[in-house]
Each structure stands twice: as structure tokens, then as C-alpha cells.
Amino acid sequence: MTDVLYTGPVPGERGGEVMGGGRTETSALSGTGGGRAITTTHNSQRPNACCFCWCCCCSCSWNEEERRKRRRRKRISQDTKMETIPNCEACTKPSVEEMRLWSQSFDKLMKNPAGRNVFREFLRTEYSEENMLFWLACEDLKQEMNKNSIEEKARSIYEDYISILSPKEVSLDARVREVINKKMQDPTPHTFEDAQLQIYTLMHRDSYPRFLSSSIYRSLVHGGSRTSSES
């Protein structure tokens, strides 16, 4: 069997500078049925990533990059902000007790399909829905047993959420990206495990507290409570 050659984006170049203000990236993904190569050139310099932290007031380049992404997504998504979210998970209507449990821990929210749908709706209002989509894609990959399907789904996840060429790119540090690039040479159901954990933690620490105080969640709980009391 011929070895699969994989050349992904170089993690060190994610925030690197190139003399003359330019930077190029070549991403080649090979798999069953052929390969594809994409080359892009950026003409603006980007700051080096100084750290990976969770403090929203930090002025490091990671947070600055995240702020730029959100502003870009806001411009793209402004007209479709309140549209119905496509491809929601099938689930039964949650009870008031279930919805209240979501505030007890992020794990309880994420283990409940209805909770994930509501949280995903909230993430969309913050232009970070791709975090949930990536997490769900990784969960789906973990259930796959067929090798060809694993390679196909892993390649799709990489192109959709890892590649810096994608508008749905999630924020990962250089170490995790390097691990992914190595694992993509021979993908398994757990190729994105480190990245999935990092995005899970990001949603927990960054988005979850705001979700609990959001009008989306509060209206569900309060509306459900009124309905129960009237019955």
C-alpha cells in the first residue's frame, strides 16, 4: 500500500512574519480518489502568538486574533443572525428540570442533545458556532469504524475546521496543530482528540458563563416554569 503523504499548514507560521510582509501556505491533502493542493498568499503581517490563555481582557495576540475573527464573522453573518440553525440534533423537548440541570455543570449541558442545540443557538449569536460544529464532527468521527470513512471524515474535518484557509477555522494553539498534522498521515477516530478537548474547554470557560445569563437560556427556563405552574 502506498504511503499517504500529508503536508498541512506549518504551526509556527500561524502567527509568523515574513520579510516583505507576505506569507504563503501550501496545504496538500491526499486520500482515496486523488488529492488536492491549495496555495494562498497573505500580504499582511500578523503578530507572533505569545501565549494561550483564557483571560478575555488579555492583550496577547491570541485574543487579538480571536477578536478579529469575531468581527469578520459578524460582518459575514449579520443578515442571517436569527435564521433557524440547520441540521439540529434530533431530540425530545426538555423539561424545566432538565433545563435547570444545564446550569449545574457544562458536562450536563453537553451530554443533553436539547442542551447542545440551545447552546449552539447561543454560540451562533456570538459568531462562534463552529466550535460546537467541530466538537460534534469529532464525536461523529469517534463512532466510525470503516478505515476509508475515517480518512474521508478526518480530511473533511481538517479542511473545515483546522485549515487556516477555512472561514470556519477554530482557534487552536501551535502544539495541538502540530500533533494533528502528524496524526493526519494515518488518521484514526481519535486524530482530533487534543483539539476537541481544547475547544471543549474554551466553550466551557469562555461561552458557557455567558450562556447561563443570556436571554436565550433564561427565557427557556422562565417560560417553562410559567407553563408548569399554569397546568
Side-chain angles (χ1 to χ4, degrees), residues 6 8-12 14-15 27 29 49-56 58 60-67 69-70 73 87 89 101-124 126-145 149-212:
Y6 177 80
V10 181
R14 177 177 174 78
S27 177
L29 297 177
C50 62
C51 63
F52 184 83
C53 64
W54 305 107
C55 177
C56 62
C58 179
C60 73
S61 60
W62 185 88
N63 279 284
E64 180 59 32
E65 176 67 13
E66 185 66 16
R67 283 191 289 271
K69 284 183 182 180
R70 289 189 177 185
R73 293 188 192 110
N87 303 320
E89 296 180 78
L101 286 176
W102 300 345
S103 66
Q104 293 184 5
S105 75
F106 187 59
D107 287 342
K108 290 181 179 179
L109 171 69
M110 291 293 285
K111 287 178 180 178
N112 186 289
R116 291 194 296 268
N117 283 339
V118 175
F119 186 54
R120 179 178 165 185
E121 180 183 352
F122 168 75
L123 291 177
R124 197 179 197 208
E126 292 202 331
Y127 316 106
S128 57
E129 182 188 8
E130 70 280 355
N131 289 333
M132 177 64 80
L133 295 176
F134 171 68
W135 188 87
L136 290 171
C138 292
E139 288 295 290
D140 179 62
L141 178 63
K142 288 179 181 178
Q143 307 305 314
E144 189 58 64
M145 302 295 292
S149 296
I150 289 172
E151 292 178 353
E152 181 180 347
K153 288 185 176 182
R155 184 168 62 251
S156 177
I157 291 173
Y158 187 94
E159 292 175 346
D160 286 345
Y161 304 107
I162 308 301
S163 172
I164 65 172
L165 303 176
S166 172
K168 295 187 294 184
E169 176 200 5
V170 296
S171 295
L172 301 170
D173 62 25
R175 179 193 65 81
V176 171
R177 286 180 174 276
E178 184 177 1
V179 170
I180 291 174
N181 288 338
K182 291 178 180 179
K183 289 183 176 181
M184 282 297 293
Q185 297 179 31
D186 185 21
T188 72
H190 302 283
T191 291
F192 302 99
E193 204 163 53
D194 290 345
Q196 186 185 19
L197 176 59
Q198 192 167 97
I199 294 303
Y200 185 92
T201 304
L202 174 63
M203 291 191 292
H204 182 192
R205 297 184 179 182
D206 182 55
S207 302
Y208 177 61
R210 291 195 298 275
F211 165 74
L212 295 180

Inset, instruction - Kindly check if the number of other-residue, nucleotide or ligand heavy atoms within 6.0 Å of NZ (Lys111) is above 12? - result: no
Legend entry - Heavy-atom neighbours of Glu152 CD exceed 12 at 6.0 Å: no
Inset, instruction - Look at the rings of Phe106 and His204 and say which category their plane angle falls in: under 30° parallel, 30 to 60° tilted, over 60° perpendicular. - result: parallel
Shortest non-hydrogen separation from [X] to [Y] and the atoms involved:
X      : Y      : result
Ala195 : Ile180 : CB-CD1, 3.7 Å
Val170 : Arg177 : O-NH2, 3.4 Å
Met132 : Phe119 : CE-CD2, 3.5 Å
Leu109 : Gly115 : CD1-O, 3.4 Å
Ala137 : Tyr161 : CB-CE1, 4.3 Å

Quick one: does [X]'s side chain have a donor or acceptor within less than 3.5 Å of a partner on [Y]'s backbone?
X      : Y      : answer
Thr201 : Leu197 : yes
Arg124 : Arg120 : no
Gln198 : Val176 : no

Check whether any side-chain heavy atom of [X] sits under 4.5 Å from a side-chain heavy atom of [Y], and report yes or no.
X      : Y      : value
Ile199 : Leu172 : yes
Trp102 : Val118 : yes
Glu126 : Asn131 : no
Phe192 : Ile162 : yes

From [atom1] ([X]) to [atom2] ([Y]), nearest 0.5 Å:
X      : Y      : atom1 : atom2 : value
Ile157 : Ser163 : CD1   : OG    : 14.0 Å
Lys183 : Asp194 : NZ    : CG    : 5.0 Å
Trp135 : Arg116 : CH2   : CZ    : 5.0 Å
Asp206 : Ser128 : CG    : OG    : 7.5 Å
Phe134 : Leu202 : CZ    : CG    : 11.5 Å
Ile164 : Glu169 : CD1   : CD    : 6.5 Å

Legend entry - Evaluation steps, side chain to side chain contact (heavy atoms under 4.5 Å, CB included), between Leu212 and Phe122: CA-CA 10 Å; Leu212 295 180; Phe122 168 75; over 6 Å; no
Inset, instruction - Report the residue from Lys153, Met184, Glu151 that forms a side-chain contact (heavy atoms from CB on, under 4.5 Å) with Thr191. - result: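 Looking at Lys153, Met184, Glu151, the match for Thr191 under the side-chain contact (heavy atoms from CB on, under 4.5 Å) is Met184.
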Legend entry - Lys/Arg-Asp/Glu bridge criterion (N-O < 4.0 Å) met for Glu178, Lys182: yes
Inset, instruction - Identify, with sequence neighbours excluded, every residue that meets side-chain contact (heavy atoms from CB on, under 4.5 Å) alongside Lys142. - result: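 side-chain contact (heavy atoms from CB on, under 4.5 Å) check on Lys142 returns Glu139, His190, Glu193, Gln196.
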